[in-house]
Amino acid sequence: GTTQLPAYSDSGTGGYFKPAMLLLNRTYGNGKAGYFLKKNGLDKDAFNVLVYANYEPVITEPTESDYVAFVERVGYGGMRTGWEDGELMFYIIGNDSNTGHNHYDQLSFQINTDGLWPASDPGYSNLSGGFDEMQAHNIILVDGQWQTIKGTASLKPVVDAQLYGQLEGSAPNTYAEGLLSQWDRN
C-alpha cells in the first residue's frame, strides 16, 4: 500500500524511521508520526513496549493538504495522489550536505504505485549482485561517470497546493567539473 517507505541512502524502517517517529509521537504528540507507525505495524513491537511502556500513540489521519511534503533541512521531497491503497507516490532527494555519511545519490527518485516500486533506490544497505556503492542508487551516468561530489544539490517546492504539487531539484555540480552546466528534475 501507499504507506510503504522509500529507502533513501541507506535508511531503513527499523534503523532510522521507527526511532524518529516514536520520538516525534511520544515526545511531541505528533499524530502524523503516530499514523505512520500504526500503518507500518511499528506501534506495538517489542522495542516500543520496552522503551515507551506500551503507550498508545497519538494518531492524526492525513488529509488532502498532506499530499506534498518537503523537508528543507535534509533535502527530501515527496508527493502522493492520496492515502488509500493503490495510490501513486513520488519521492526525490536533493541536498547541500557534504558530510561524510551523505551519499552520491542527488536527485535520485523513487515511485511507488499499488505497493510496487517501478523506480526504486536500493541504497548502500542492499548492495548485491556486483553493485558498488554508487550503482546502488538510481542516478544517471554522465559520459559514463557517476556522481563524484557531495553537497552541491538543491531541492525546493515550486507548487504546494492542496491537490497539486511540483518539486524542482538541481544538481549540475555533483559530477566531475565541466561535465554538466545544468541538471534539473521537476
Side-chain angles (χ1 to χ4, degrees), residues 1-22 24 32-43 45 61-95 97 101-142 146-147 150 153-160 163-171 174-175 183-186:
T2 56
T3 57
Q4 289 183 333
L5 305 170
Y8 277 122
S9 298
D10 60 0
S11 63
T13 303
Y16 298 103
F17 177 79
K18 181 173 66 173
M21 293 299 110
L22 283 168
L24 287 170
K32 292 178 184 174
Y35 172 82
F36 278 104
L37 286 166
K38 185 171 182 158
K39 289 297 269 186
N40 286 281
L42 300 173
D43 59 327
D45 64 6
E61 294 286 327
T63 66
E64 290 178 351
S65 65
D66 299 318
Y67 287 174
V68 178
F70 172 65
V71 184
E72 183 175 9
R73 186 167 183 91
V74 294
Y76 287 0
M79 298 180 287
R80 58 174 55 241
T81 57
W83 292 94
E84 302 299 321
D85 288 342
E87 301 284 358
L88 179 68
M89 296 185 303
F90 172 83
Y91 294 93
I92 187 168
I93 183 172
N95 63 50
S97 172
H101 194 78
N102 198 12
H103 293 220
Y104 297 105
D105 61 352
Q106 299 305 302
L107 302 193
S108 173
F109 69 93
Q110 298 176 66
I111 297 173
N112 181 295
T113 181
D114 203 21
L116 303 172
W117 295 93
S120 66
D121 183 332
Y124 293 177
S125 64
N126 295 313
L127 294 177
S128 63
F131 289 129
D132 67 24
E133 56 187 46
M134 287 190 223
Q135 292 170 318
H137 296 294
N138 96 15
I139 59 171
I140 63 171
L141 292 172
V142 176
W146 298 101
Q147 292 181 3
K150 297 177 183 178
S154 65
L155 184 65
K156 65 181 179 182
V158 177
V159 178
D160 184 359
L163 294 175
Y164 177 77
Q166 180 182 351
L167 297 165
E168 177 181 273
S170 183
T174 57
Y175 293 87
W183 181 39
D184 298 334
R185 280 192 168 159
N186 289 297

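In this text, all values refer to a predicted model and were calculated from it rather than measured experimentally.
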Q: Could you give me the CA-CA distance, side-chain angles and deciding distance for L107 and I92, then say whether side chain to side chain contact (heavy atoms under 4.5 Å, CB included) is met?
A: CA-CA 6 Å; L107 302 193; I92 187 168; 4.3 Å; yes
Q: Start with the C-alpha distance between I111 and W117, add both sets of side-chain angles, then the distance that settles side chain to side chain contact (heavy atoms under 4.5 Å, CB included), and finish with yes or no.
A: CA-CA 6 Å; I111 297 173; W117 295 93; 5.9 Å; no
Q: In sequence, state the C-alpha distance, the side-chain angles, and the governing distance for R80 and Y91, and then conclude on side chain to side chain contact (heavy atoms under 4.5 Å, CB included).
A: CA-CA 9 Å; R80 58 174 55 241; Y91 294 93; 3.4 Å; yes
Q) Would F109 and F90 count as a side chain to side chain contact (heavy atoms under 4.5 Å, CB included) if you check the C-alpha gap in whole Å, the side-chain angles of each, and the deciding distance to 0.1 Å? A) CA-CA 7 Å; F109 69 93; F90 172 83; 3.7 Å; yes
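At a threshold of 4.5 Å between non-hydrogen side-chain atoms, the residues L22 and L37 count as touching. Annotation: side chain of Y35 is in contact with side chain of E61 (closest heavy-atom distance under 4.5 Å).
Under the 3.5 Å distance criterion, the side-chain polar atoms of Q106 are left unmatched by any main-chain donor or acceptor of K150. Side-chain atoms of T81 come within 3.5 Å of backbone N or O of L88 as a donor-acceptor pair.
If you take CD on Q110 and CE on M89, they are separated by 9.0 Å, rounding to the nearest 0.5 Å.
Note: W183 and Y175 have perpendicular aromatic rings, judged against thresholds of 30 and 60 degrees for the angle between ring planes.
The heavy-atom pair separating D184 from S170 by the smallest distance is OD1-OG, 2.8 Å.
Not counting sequence neighbours, E72 has no partner by the salt bridge (Lys or Arg N to Asp or Glu O under 4.0 Å) test.
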